[in-house]
Amino acid sequence: MASGGASDAEAELRRGFKALAVTRPDPAAAVYEVRLSRPAQRNALSPDSFAEIPRAMALLDRVPAARAVVLSAAGPHFCAGIELGGPGNPLTAPFSRGADPAAAAEGLRRAILGMQAALTAVELCRKPVIAAVHGACVGGGVDLVAACDIRYCSKDATFVLKEVDMAIVADLGALQRLPRIVGYGNAADLALTGRRITAAEAKEMGLVSRVFDSKQELDAGVAKIAKEISEKSANAVMGTKAVLLRSRDITVEQGLEHVATWNSGMLRSDDLMEAIKAFMEKRKPVFSKL
Ligand SMILES: CC/C=C\C=C\CC(=O)SCCNC(=O)CCNC(=O)[C@H](O)C(C)(C)COP(=O)(O)OP(=O)(O)OC[C@H]1O[C@@H](n2cnc3c(N)ncnc32)[C@H](O)[C@@H]1OP(=O)(O)O
């Protein structure tokens, strides 16, 4: 992974990716799009995907022109889950079937932790990440969107946690994140039955916050929402993501303490003064750059 300043990160982004396409579709919007780009394999998550998702997220974290990120996918489906049968799949690689059970277990454990970290990188990116899901979103694809901050989909989208039918326990975050998104009952329903749900049902249980009529409308709608977010105070947006995520994992009392400490620093921001001034002057605020 690259280290250094914003221009290093931009240059590194331009060097490109194999399993992803990272672009800034509208130069007038501080929004980047990370597109899963293995359509022939239905965007099954390969070792390249697991290496590149955290790399892209870490770089976008540092790029000032990325104030919101859209996670989308090329081809007919969003994601077919973990790549099955690929030579580089660490879950089925020979080391996990070695003679020494302890060494094999440790190898598998490290592989799983690495893949988990790749998806947690979406949360670690300080910028909001919005999933735009169309077509099928299977297994690891659900783990991936569960790590995003907001999920939208098109009417043709379906979601399925297929792991239970593959004879495994889902281990890339869905069992931890989904109950906090859709509630324990809905998460247990999805995880234990392995049933595929439609976009309408995903909306009803809160897995997605909005369903668009078509992929085209999804893309346009998400681009508009991402642009709107990108025009808000970056400190306020990044702070809101950080506080929401922290509050998710601690008690209400601890969360209130955390946000009080956060805002004791952030309430001194130029952006707040500008927001108040703009309100008084009846104009749109102009917030500071990152
Ligand atoms: C050891 C691993 C342990 C556990 C992993 C758990 C986490 C998970 O992600 S569980 C879910 C795993 N995924 C699947 O079960 C596969 C899901 N795929 C599908 O259901 C369908 O492919 C589809 C996404 C609904 C798309 O259907 P369709 O448009 O009809 O395309 P296909 O003809 O089925 O596929 C086209 C092409 O893509 C290849 N492919 C699809 N999914 C995967 C995958 N997960 N891994 C590798 N390759 C995949 C499929 O084989 C086809 O390849 P061809 O070479 O063109 O035949």
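Both ligands and their constituent atoms are indexed starting at 1 by order of listing.
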| Is any N or O atom of G139, backbone or side chain, closer than 3.5 Å to an N or O atom of ligand 1? | no
| said: So, applying side chain to side chain contact (heavy atoms under 4.5 Å, CB included) with I130, which one of D149, L71, I229 is it? | reply: I229
| query | Listed by chain and number, what are the side chain to side chain donor-acceptor pair (under 3.5 Å) partners of D26, not counting sequence neighbours? | reply | none
| request: State the atoms of ligand 1, each with its element, that fall below the 4.0 Å cut-off from a heavy-atom position in A40. | output: 36 (C), 37 (C), 38 (O)
| task | Examine H77 against ligand 1 and note whether any of their N/O atoms are separated by less than 3.5 Å. | result | yes
| said: Taking transitive links into account, so neighbours of neighbours count too, which hydrophobic residues share a cluster with V138 at under 4.5 Å side-chain distance? | reply: V160
| task | Please could you name the atoms of ligand 1 that I168 approaches to less than 4.0 Å, counting only its heavy atoms? | result | 3 (C), 4 (C), 5 (C), 6 (C)
| field | N or O contact, L84 vs ligand 1, cut-off under 3.5 Å | value | yes
| query | Any N or O on E83 sitting closer than 3.5 Å to an N or O of ligand 1? | reply | no
| Test of proximity, G140 against ligand 1: N or O pairs below 3.5 Å | yes
| field | Contacting atoms of ligand 1, where contact means under 4.0 angstrom from a heavy atom of G81 | value | 9 (O)
| query | Is the count of non-hydrogen atoms from other residues, nucleotides or ligands lying under 6.0 Å from K241 atom NZ greater than 12? | reply | yes
| query | Are the side chain of H134 and the backbone of G75 linked by a donor-acceptor contact shorter than 3.5 Å? | reply | yes
| query | With side chains defined as the heavy atoms from C-beta onward, is the minimum distance between R180 and D249 less than 4.5 Å? | reply | yes
| note | Of all heavy-atom pairs linking V70 and A132, the shortest is CG1-CB, 4.3 Å
| Between the candidates E163, K162, Q41, which shows the shortest non-hydrogen contact distance to atom 41 (C) of ligand 1? | Q41
| Salt-bridged, K224 to E228, with N to O below 4.0 Å? | yes
| field | Subset of ligand 1 atoms that lie under 4.0 Å from at least one heavy atom of V138 | value | 11 (C)
| said: Can you confirm, on distance only, whether ligand 1 has an N/O atom lying under 3.5 Å from any N/O atom belonging to I82? | reply: yes
